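Here the structure is a predicted model, which is why all the values come from computation and not from measurement. Every chain is numbered from 1 and lettered A, B, ... according to where its sequence line falls, protein lines coming before strand lines.
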Protein chains: 2
Amino acid sequence: MASAIQITSVMKTLADPTRRAMFERIAREGEIAATGLVRGSKVSQPAVSQHLRALRDAGLVIERRDGRHIHYRVAPKGLGPLFDWLGHYQNFWQERFENLERLLKGSE
Amino acid sequence: MASAIQITSVMKTLADPTRRAMFERIAREGEIAATGLVRGSKVSQPAVSQHLRALRDAGLVIERRDGRHIHYRVAPKGLGPLFDWLGHYQNFWQERFENLERLLKGSE
DNA sequence: CATTTATATAAGTAATTACTTATATATTTG
DNA sequence: CAAATATATAAGTAATTACTTATATAAATG
């Protein structure tokens with residue numbers, strides 16, 4: 001079960017648009033080096049490095065060193081606290097449930 | 001579909017623990033007046049008022065005036081942006097899907 | 001070893017935030 | 001209308017944040 005602190009940490013981390021965009025990109029690419037993230041980013045290399053640290057500290061990404069590159073991937077359980085928290089709102093959840101079911105079964 | 005700005009707004013609003021606790025309480029109670037929230041809160045009445053404004057601005061709660069009381073309820077679509085955003089992570093989503101299904105069917 | 005490349009850290013800053021106390025604005029009630 | 005109650009706004013502040021530029025560290029390569 002996710003603690004309130006974990007939920008706060010994950011939400012705070014993803015609330016920043018720049019950082020969330022980075023997370024989305026890492027998720028899309030599967031795996032990507034920091035350099036790749038710096039290229040095509042509006043912010044400086046140190047800013048990217050700081051955001052990556054924040055994502056890692058929040059448990060949202062994991063890193064793998066390969067020579068002088070560090071590759072980032074989404075941490076499998078990283079979004080867990082968010083899923084858990086949303087799961088408590090079963091009425092809203094249920095409302096979305098059918099849409100989700102259709103989505104997963106690929107009928108649309 | 002939820003815009004990036006809406007997602008940012010909802011996440012930023014819920015990332016604050018005090019404010020998120022207020023949202024959770026409103027959800028739990030179904031409907032509750034501001035006074036009720038002030039009682040049993042660690043922060044001052046103005047702080048509660050400011051947080052309620054933030055929740056309302058983010059589309060997370062709706063208010064209903066009754067005399068000099070203002071009652072708050074969770075906005076039906078308020079968490080929508082969060083659900084939508086999480087929905088994009090289908091692999092993680094799917095991982096939780098079965099648990100959720102069990103939960104909703106009340107088998108545990 | 002010297003240079004280049006990849007990433008991290010340091011230090012500074014403007015903007016934002018989450019509070020506070022004090023006061024203003026409704027709304028009801030005697 | 002005057003007093004009481006419910007909520008909002010104003011103004012100030014300490015802490016946090018998201019950047020920047022400059023510099024340090026780490027690893028590969030000539």
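Residue A:Ser44 places no side-chain N or O under 4.0 Å from the OP1 or OP2 atom of D:dT21. Note on A:His69: every side-chain N or O is 4.0 Å or more away from OP1 and OP2 of D:dA26. For D:dA18, one of the phosphate oxygens OP1 or OP2 lies less than 4.0 angstrom from a side-chain nitrogen or oxygen of A:Arg19. OP1 and OP2 of C:dT17 both lie 4.0 Å or more from every side-chain N or O belonging to B:His51.
Following rounding to the nearest Å, B:Leu14 (CG) and C:dT17 (P) show an atom-to-atom distance of 14 Å. Protein atom CG of B:Asp16 is 17 Å distant from nucleotide atom P of D:dA15, rounded to whole Å. The separation between A:Arg53 atom CZ and C:dA10 atom P is 9 Å, rounded to whole Å. Rounded to whole Å, the distance from CG on A:Leu52 to C1' on C:dA8 is 11 Å. Between A:Asp57 atom CG and C:dT9 atom C1' the separation is 14 Å, expressed in whole Å. A straight line from CZ of B:Arg39 to C1' of D:dT5 spans 12 Å, rounded to a whole angstrom. In this structure, OH of B:Tyr72 is placed 14 Å from P of D:dA6, rounded to the nearest angstrom.
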Protein heavy-atom contacts under 4.0 Å, written 5' to 3' over nucleotides 23-30 of chain C as B (base), S (sugar-phosphate only) or - (none), form the string ----BBS-
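Atoms CG and OH, from A:Leu52 and A:Tyr72 in turn, are 4.5 Å apart once rounded to the nearest 0.5 Å.
Cluster membership for B:Met22 and B:Val38, using ILVMFWY side-chain heavy atoms within less than 4.5 angstrom, is shared.
Within 6.0 Å of CZ in B:Arg73 there are 12 or fewer heavy atoms belonging to other residues, nucleotides or ligands.
Legend: side chain to side chain donor-acceptor pair (under 3.5 Å) pairs involving residues 2-17 of chain B, not counting sequence neighbours, sorted by first then second residue: A:Arg20-B:Thr8.
Residue whose closest nucleotide on DNA chain D sits further toward the 5' end, between B:Glu63 and A:Lys42: B:Glu63. Of the two residues contacting DNA chain C, namely A:His71 and A:Gln50, the nearest-nucleotide position lying further toward the 5' end is that of A:His71.
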For residues 27-37 of chain A, which side-chain N or O atoms pair as donor and acceptor with protein atoms under 3.5 Å away, sequence neighbours left out?
from: A:Glu31; atom 1: OE1; to: A:Arg64; atom 2: NH2; distance (Å): 2.8
from: A:Glu31; atom 1: OE2; to: A:Arg64; atom 2: NE; distance (Å): 3.1

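No side-chain heavy atom of B:Phe83 sits under 4.5 Å from any side-chain heavy atom of B:Val10. Contact check for B:Thr18 versus B:Lys42: no side-chain heavy atoms found under the 4.5 Å cut-off.
Residue contacts shown for B:Ala34 are limited to sugar-phosphate atoms, with no base heavy atom under 4.0 Å away.
Nearest to the side chain of B:Ser49, among D:dA8, D:dA18, D:dT17, sits D:dA8.
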